[in-house]
Amino acid sequence: MYDIIIIGAGASGLIAASQLKNQKICIIDKNQKIGSKIKVSGGGKCNITNEYLNSEYFDGNQDFITKTFSQFDNISLLKFLKINNLKTTLNEKIVKGTYFCNSSDEVISMFLMLTKHCEFLLDCEVLDVEYEHNEYLIKTSKKTLKCKKLIVSTGGLSYPILGATDIGYKIGQKFGHSIVKQNPALVGFTVQKDQFWFKELSGLSMNARVTIGNKTLKGSLLFTHKGCSGPVILSTSLYWVKGQISIDFSPEKDSYLPKRFKQAVKDMDINIHDYQMSPAGNFGYTKAEVTRGGISVDEINFNFESKIQKNLFFIGEVLDVTGELGGYNFQWAFSSGYVCGTKLNKS
Ligand SMILES: Cc1cc2nc3c(=O)[nH]c(=O)nc-3n(C[C@H](O)[C@H](O)[C@H](O)COP(=O)(O)OP(=O)(O)OC[C@H]3O[C@@H](n4cnc5c(N)ncnc54)[C@H](O)[C@@H]3O)c2cc1C
């Protein structure tokens, strides 16, 4: 019997575990190694947070996000990393305010050190959870485990190749939680017939400003063989379900338009400052960095415990909080995990 079982050895589960002391803890993960998304993130350098942290860079309950960051924000995270001898560097080449680590491996090594007091059950998939006589029964592909408290840090549906499953949502549903519809986010758009000219520009990247609803995003746009991508489009996808977006291909007064672009639009009757288009769709969960939607935080307390089911906690991407591109999603995973871990430790 464990005091606490954590399902998911990703960013949120690992930081929560690092804060739990004097308890018998087991961390279960489907992968053979911990931190699989940390490993591949930021081109192997893990874009861990952002200088400009604010709930407006997130899709989700603004009040809940703000309250979470008031307890553990980007400054707290950078301090936490520094105390643990991890060097971070501000690199604004692609997205403003982004902090990177020397290497993702250093982050993983740090968490291996900080979770030495925990048992790990890796290469093991959680299949179901039951609650009987004030205990959780965790049914896995290897064996059934028991615990008093359960932390669900199973992430979203993106990148099934890195271990993603829908078990977190299933556990939520089983215990009566509402799930906000999930969609792939931080992903490129596929286009309609009217944008087939994008194909000619495949590989070209240029600065653009995109307006979607009341949001305006700026950054690099990449034309691809089947649509468009690049930082500004990835962040736009966080707010898009269907309908039009407007692209300004020349956002600065003295913007220089690439020759290839000028050539491609030469005979077309388009407004380059307000190019309206409705994406056909997106490239789906195999390419999406994150999953928008998830377990509604309306039924979650500020210590990340379920309001419906006692001793059940949800942290990280499995919740209905999703950030733009630029380190915001790790920040959310670390903030929610840290707050949950420290509060549980005190209770
Ligand atoms: C390619 C890529 C690059 C990214 N780069 C960045 C970046 O640079 N900066 C940034 O902020 N964000 C980045 N992200 C997003 C970020 O990785 C996630 O938002 C973050 O990892 C979420 O943390 P989490 O702990 O909630 O979930 P995860 O890190 O996804 O961890 C969940 C864990 O649960 C395990 N699991 C799932 N189901 C089961 C099951 N049934 N049984 C057992 N274990 C299970 C999974 O194997 C996984 O290890 C990137 C994502 C991808 C896919």
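For this chain, numbers begin at 1 and follow the sequence in order. Heavy-atom basis, side chains included; hydrogens, waters and symmetry copies ignored. Whatever order the structure lists them in is the order used to number ligands and atoms, beginning at 1.
For ligand 1, the atoms sitting less than 4.0 Å from at least one non-hydrogen atom of N329 are 11 (O), 12 (N), 19 (O), numbered in the order shown with element in parentheses. Which parts of ligand 1 touch G316 is read off a 4.0 Å heavy-atom cut-off, strictly below it: atoms 26 (O). Of all atoms in ligand 1, listed by their number and element, those nearer than 4.0 Å to a heavy atom of G327 are 9 (N), 10 (C), 11 (O). Taking a cut-off of under 4.0 Å to the non-hydrogen atoms of Y328, the atoms of ligand 1 that pass are 11 (O). Interface atoms of ligand 1 facing V40, defined by a heavy-atom separation under 4.0 Å, are 1 (C). Shown in contact with G8 at under 4.0 Å from a heavy atom are these atoms of ligand 1, numbered in order with element: 33 (C), 34 (O), 35 (C). Remark: ligand 1 atoms within the under-4.0 Å shell around heavy atoms of I167 are 38 (N), 39 (C), 40 (C), 41 (N). If you number the atoms of ligand 1 from 1 as listed, the ones under 4.0 Å from a heavy atom of A333 come out as 23 (O).
The aromatic rings of F198 and Y275 are tilted relative to each other, their planes meeting at an angle between 30° and 60°. Using cut-offs of 30° and 60° on the angle between ring planes, the pair F80 and Y338 is perpendicular. Using bins of under 30°, 30° to 60° and over 60° for the plane-to-plane angle, the ring pair Y131/Y136 lands in the tilted bin.
For Q331, the side chain to side chain donor-acceptor pair (under 3.5 Å) partners are T49, S335, not counting sequence neighbours.
The protein atom (non-hydrogen) at minimum distance from atom 22 (C) of ligand 1 is E317 OE1, 3.5 Å. The closest protein non-hydrogen atom to atom 53 (C) of ligand 1 is Y159 CD1, 3.4 Å. Scanning all protein heavy atoms for the shortest distance to atom 51 (C) of ligand 1 gives E289 O, 3.2 Å. Given atom 25 (O) of ligand 1, the protein heavy atom at minimum distance is S12 OG, 2.7 Å. The nearest protein atom to atom 29 (O) of ligand 1, hydrogens excluded, is given as G10 CA, 3.5 Å; this is a heavy-atom distance. The nearest heavy-atom contact from the protein to atom 48 (C) of ligand 1 is D29 OD2, 3.4 Å. With respect to atom 37 (C) of ligand 1, the closest heavy atom belonging to the protein is G163 O, 3.3 Å. When hydrogens are left out, the protein atom nearest atom 12 (N) of ligand 1 is F330 CD1, 3.5 Å; that is the closest non-hydrogen contact.
Of the options E135, E132, E130, a salt bridge (Lys or Arg N to Asp or Glu O under 4.0 Å) to K146 is made by E135 and by none of the others. With F304 as the fixed residue, the ring-ring contact (aromatic ring centres under 6.0 Å, His included) test singles out one of F314, F64, F72: F64.
Nearest approach of S158 to K37, heavy atoms of both residues: O-NZ, 3.2 Å. Between D320 and G293, the shortest heavy-atom distance links the atoms OD1-CA, 3.4 Å.
Contact annotation: for S158 versus ligand 1, there are no heavy atoms closer than 4.0 Å. Of all the heavy atoms of V126, the ones lying under 4.0 Å from any atom of ligand 1 are found in both the backbone and the side chain. Contact annotation for W332 and ligand 1: no heavy atom of the residue comes within less than 4.0 Å of the ligand.
Between F334 and F111, a ring centre-to-centre spacing shorter than 6.0 Å is recorded.
Within the 4.0 Å heavy-atom cutoff, C124 counts among the residues contacting ligand 1.
Some N or O of G42 is nearer than 3.5 Å to an N or O of ligand 1, by distance alone. Below 3.5 Å of separation, one finds an N or O of K30 facing an N or O of ligand 1. Checked by distance only, ligand 1 and N31 come closer than 3.5 Å through their nitrogen or oxygen atoms.
Applying the side chain to side chain donor-acceptor pair (under 3.5 Å) test to pairs two or more places apart or on separate chains, those with a residue in residues 260-273 are D248-H273.
Residues I7 and I151 have side chains not in contact (no heavy-atom distance under 4.5 Å, counting atoms from C-beta outward). In this structure the side chain of E289 never reaches within 4.5 angstrom of the side chain of N329, judged on heavy atoms.
Proximity annotation for atom 15 (C) of ligand 1: of T322, T165, V290, V290 comes nearest, heavy atoms only.
Between D3 and K149 there is no salt bridge, since no side-chain N of the basic residue sits under 4.0 Å from a carboxylate O of the acidic one.
For the pair K45 and F100, the cation-pi test (distance below 6.0 Å, angle within 45°) is failed.
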